[in-house]
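This report refers to the structure that appears directly beneath it.
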Amino acid sequence: MAKSHTLSTFLFLFFVLFTFTVALYTDFYQAPKIGQSQVEETQLVFKEGDFENLIEIRFKNRLGDFLLNRPGTESVEWQLTKPRMLPAATPPIHTIIAQLYKLKIRKVYELEPINTYNFSLDTPVLEVDLKNQEGKTWAIRFGLSNSIDNSTYISVNTKNAIFHIDGVSENLETIDLAKFIESRVAPYPPERVKSITFYRALKNDHSLILKAIQKGNKEWTDDAGNSLQEDLVNELLKEFLAIKAQAILDEIPENAQVIIAKAQTTPLWTMEVELAGGTIVEYAISDLIEKATPELKIDKRSHFLMSTKHLQYPYLVSKDYFKIWEQLSVQRLKKLPIKKLFY
């Protein structure tokens, strides 16, 4: 009986000693946390408005290292510059910024080397670097994640602290190159379009087909002030703004270069889109590509090209969108005088 009592006492003392040792280890290897009252005053890591006027974003995850900048032009909102020079889609950018604004603090630790190591912030799974017009920069690193309580640890250079936060609601680790590339040929909301002009072949005074000018309230007139069928012009604009490229030809196989060069230099139509700020974006639309091009995986007369002056590479577009210009009819778009409706 005495032996059993001695064993129980030993186990109890061992447990106490073990618990005390773990507590000392934790306290030693993790610097003191910032007071809870301070955390309560700043529940979120960032506040709304912190990331206004951004001009550069670097985003790195296991799928790639991406660099984007804002050219400051009306025709291109964001440009992908690494790993390739391509127009950038805004939805993933908005997602990243929105998630940063939602980072909710659980605990705060001192930004010290031992904490950086313990929370895997020396080998982050996610990196976000931001820069605004004033030159202010943020370096945000995501480290150790706990799937059990859905939390993670981040460091922020401007805060001089490590934050234990709620897990990110959107999976930023799945954002890849394809999601960053803007596939829409004209990524503009319809309310930003002031006018659209159509030319046959190359742009000149003799090849003008129609100029439609938006007068507000979705009402349209031609350049002479004659009213146009609002519903038809708005539908035409909607279809044009919905065009998505199958590919952006930043790399053209040698065997296909002559075909692509010819399609680019001899447009079937030219189209101008005037934006609200006065910027005019010019598009050259080729005829359907006559020859099958295995190198680009396209069949005979299955695709056409669209090029713009502000982008370096042409878009390869499915012939499904070709009907926009094939069905273009000036007479169809013009609004008939009321008296003619009774003839």
Side-chain angles (χ1 to χ4, degrees), residues 53 70-79 87-91 93-94 181-245 248 267-287 304-311 314-315 317-341:
N53 303 317
R70 203 172 212 156
T73 64
E74 193 179 18
S75 55
V76 180
E77 186 172 1
W78 283 94
Q79 182 87 27
T90 55
I93 296 172
H94 294 160
I181 296 174
E182 177 57 82
S183 61
R184 291 176 300 164
V185 173
Y188 312 116
E191 60 272 14
R192 280 184 58 196
V193 177
K194 242 166 99 174
S195 71
I196 46 178
T197 309
F198 301 91
Y199 297 89
R200 179 73 64 182
L202 293 170
K203 172 188 169 183
N204 59 60
D205 293 338
H206 302 293
S207 63
L208 176 66
I209 300 172
L210 174 72
K211 181 171 185 176
I213 303 167
Q214 187 163 200
K215 293 297 184 181
N217 232 7
K218 294 189 175 180
E219 294 181 359
W220 295 84
T221 66
D222 63 16
D223 53 349
N226 301 311
S227 295
L228 299 173
Q229 300 270 16
E230 292 91 354
D231 55 341
L232 295 181
V233 178
N234 286 320
E235 184 62 27
L236 175 66
L237 178 62
K238 180 182 175 181
E239 290 178 357
F240 173 73
L241 297 178
I243 294 175
K244 287 189 175 182
I248 300 176
L268 195 60
W269 292 285
T270 299
M271 183 174 174
E272 287 183 333
V273 177
E274 183 182 7
L275 301 176
T279 299
I280 295 177
V281 184
E282 184 178 311
Y283 295 88
I285 299 100
S286 80
D287 198 350
F304 64 100
L305 294 184
M306 291 187 67
S307 305
T308 65
K309 290 184 177 179
H310 67 277
L311 295 177
Y315 297 96
V317 183
S318 167
K319 70 175 181 180
D320 295 340
Y321 295 106
F322 204 63
K323 63 182 181 181
I324 294 173
W325 294 277
E326 283 185 320
Q327 297 175 2
L328 183 62
S329 167
V330 178
Q331 295 305 318
R332 178 169 166 264
L333 295 177
K334 284 186 176 180
K335 184 176 285 187
L336 291 174
I338 294 176
K339 62 181 181 179
K340 287 193 176 182
L341 294 177

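Position 1 is the first residue of the sequence; numbering continues from there.
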Would you say the side chain of [Y] lies within less than 4.5 Å of the side chain of [X], judging by non-hydrogen atoms?
{"X": "P87", "Y": "I248", "result": "yes"}
{"X": "L275", "Y": "I280", "result": "no"}
{"X": "Y315", "Y": "L305", "result": "no"}
{"X": "E272", "Y": "K203", "result": "yes"}

With sequence neighbours excluded, tell me which residues meet salt bridge (charged side-chain N to carboxylate O under 4.0 Å, His left out) with K309.
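E282.
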
Spatial distance of atom CD (Q79) from atom CZ (R70) [nearest 0.5 Å]
13.0 Å

State the CG-CD1 distance between D320 and I243, to the nearest 0.5 angstrom.
11.0 Å

Please tabulate, for side-chain N and O atoms in residues 234-242, each donor-acceptor pair with protein atoms closer than 3.5 Å (sequence neighbours left out).
| from | atom 1 | to | atom 2 | distance (Å) |
| --- | --- | --- | --- | --- |
| N234 | OD1 | W220 | NE1 | 2.8 |
| N234 | ND2 | K218 | O | 3.3 |
| N234 | ND2 | E230 | O | 2.9 |

Using atom types as modelled, flag every donor-acceptor pair under 3.5 Å from a side chain in residues 188-201 to any protein atom, sequence neighbours excluded.
| from | atom 1 | to | atom 2 | distance (Å) |
| --- | --- | --- | --- | --- |
| Y188 | OH | S75 | O | 2.8 |
| R192 | NH2 | E74 | O | 3.1 |
| S195 | OG | E274 | OE1 | 2.9 |

What pair of heavy atoms forms the shortest contact from [X] to [Y], and how long is it?
{"X": "M271", "Y": "W325", "result": "SD-NE1, 3.8 Å"}
{"X": "F304", "Y": "S318", "result": "CE2-O, 3.2 Å"}
{"X": "A89", "Y": "I93", "result": "O-CD1, 3.7 Å"}
{"X": "L208", "Y": "K211", "result": "CD1-N, 4.5 Å"}

Residues forming a side chain to side chain contact (heavy atoms under 4.5 Å, CB included) with [X], sequence neighbours excluded:
{"X": "T90", "value": "E77, W78, H94"}
{"X": "N204", "value": "H206, S207"}
{"X": "D287", "value": "L268, R301, F322"}

Can you tell me if Q229 uses its side chain to pair, donor with acceptor, with the backbone of D231 under 3.5 Å?
no

I would like to know whether K244 and V185 meet side-chain contact (heavy atoms from CB on, under 4.5 Å); could you show each step before the answer?
CA-CA 6 Å; K244 287 189 175 182; V185 173; over 6 Å; no

For V233, which of L228, T221, D222 qualifies under side chain to side chain contact (heavy atoms under 4.5 Å, CB included)?
L228

